[in-house]
Chemist: 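Pasting a structure here, questions to come.
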Amino acid sequence: MTFTVCAGIGILLVLAIIGFFILLRGDSFKSEKNKSIYIAAGVLQAVHLILYLTGLLDKIAQANVYIAFWLCAVVSLICLVLSVWMLLPFSNFKHGIKYLLMFISVLQVISTIIIFLLPEAGLPPLIEF
């Protein structure tokens, strides 16, 4: 399990470094609005990742699983909406970071569904409807 965690963190760090270098190009933003959408999506995805990696989400889920679920769901869906907004044709985003942010936001939504709504190893899901 520790290898999986280390490999996952390593992959995320490599993706973050690639994204950072893409953003350093300087002239890649047409306006401040585009830049603020990128920053908002990146910050929300970082918050979501920090919740998972620090174990803070587990502590919240032990107190109230519904609060943890809705926190993850809202952050994931906002990231997904911002990522889709960046992919729309009328926005003039020029580089590949938009695809990276979209990929990460889809992974966030899938991980929220798997963690909270699907059964695992014969145990019932955390959230039952």
Side-chain angles (χ1 to χ4, degrees):
M1 171 140 169
T2 58
F3 173 75
T4 306
V5 172
C6 292
I9 291 172
I11 290 170
L12 289 173
L13 285 175
V14 167
L15 291 176
I17 290 169
I18 291 170
F20 179 71
F21 283 133
I22 290 171
L23 287 176
L24 282 178
R25 289 190 345 195
D27 62 342
S28 58
F29 296 109
K30 294 284 185 184
S31 69
E32 286 297 315
K33 180 183 173 190
N34 294 351
K35 186 176 182 179
S36 64
I37 291 173
Y38 274 114
I39 291 171
V43 166
L44 284 174
Q45 289 177 353
V47 166
H48 198 255
L49 182 67
I50 288 171
L51 281 174
Y52 282 126
L53 294 179
T54 60
L56 185 60
L57 184 65
D58 186 42
K59 294 194 186 322
I60 295 171
Q62 288 174 357
N64 191 343
V65 72
Y66 293 102
I67 291 174
F69 170 70
W70 284 110
L71 178 69
C72 284
V74 167
V75 171
S76 297
L77 291 176
I78 290 174
C79 288
L80 186 66
V81 167
L82 288 176
S83 297
V84 169
W85 180 264
M86 287 186 277
L87 290 175
L88 292 176
F90 58 81
S91 63
N92 293 322
F93 294 100
K94 288 191 129 190
H95 45 75
I97 192 81
K98 60 186 175 183
Y99 300 111
L100 177 66
L101 292 174
M102 183 66 179
F103 176 71
I104 293 172
S105 66
V106 168
L107 286 179
Q108 286 176 341
V109 170
I110 291 171
S111 67
T112 301
I113 291 170
I114 289 172
I115 289 171
F116 290 103
L117 300 176
L118 294 178
E120 179 183 353
L123 299 174
L126 295 175
I127 304 283
E128 293 185 23
F129 293 103

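Starting from 1, each residue takes its place in the sequence as its number. The figures here come from the full heavy-atom set of this structure, side chains too, leaving out hydrogens, waters and symmetry mates.
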Chemist: Only distances under 3.5 Å count here; give the side-chain donor-acceptor pairs of residues 57-65 to other protein atoms, sequence neighbours excluded, each with its distance to 0.1 Å.
Modeler:
residue	atom	partner	partner atom	Å
Asp58	OD2	Gln62	NE2	3.4
Asn64	OD1	Tyr66	N	3.1

Chemist: Please tell me if the side chains of His48 and Thr112 come closer than 4.5 Å, counting only heavy atoms from C-beta onward.
Modeler: yes
Chemist: Nearest heavy-atom pair of Ser105 and Ser83: which atoms, and what distance?
Modeler: OG-OG, 3.4 Å
Chemist: Give me the atom names and distance for the closest heavy-atom approach of Phe116 to Pro125.
Modeler: O-CB, 3.9 Å
Chemist: Would you please name every residue forming a side-chain contact (heavy atoms from CB on, under 4.5 Å) with Val81, sequence neighbours left out?
Modeler: none
Chemist: Between atom CG of Leu118 and atom CD1 of Ile113, what is the distance when rounded to the nearest 0.5 Å?
Modeler: 7.5 Å
Chemist: Taking side-chain contact (heavy atoms from CB on, under 4.5 Å) as the definition, give me every residue that meets it alongside Leu107, ordered by chain and number, with sequence neighbours left out.
Modeler: Phe103
Chemist: So, taking the atom named SG in Cys72 and the one named CD1 in Ile67, what distance separates them when rounded to the nearest 0.5 Å?
Modeler: 12.0 Å
Chemist: List the residues meeting side-chain contact (heavy atoms from CB on, under 4.5 Å) with Leu82, not counting sequence neighbours, and say none if there are none.
Modeler: Ile37, Ala40, Ala41, Leu44, Ile78
Chemist: Between Ser111 and Gln108, is there a donor-acceptor pair closer than 3.5 Å when you use the side chain of the first and the backbone of the second?
Modeler: yes
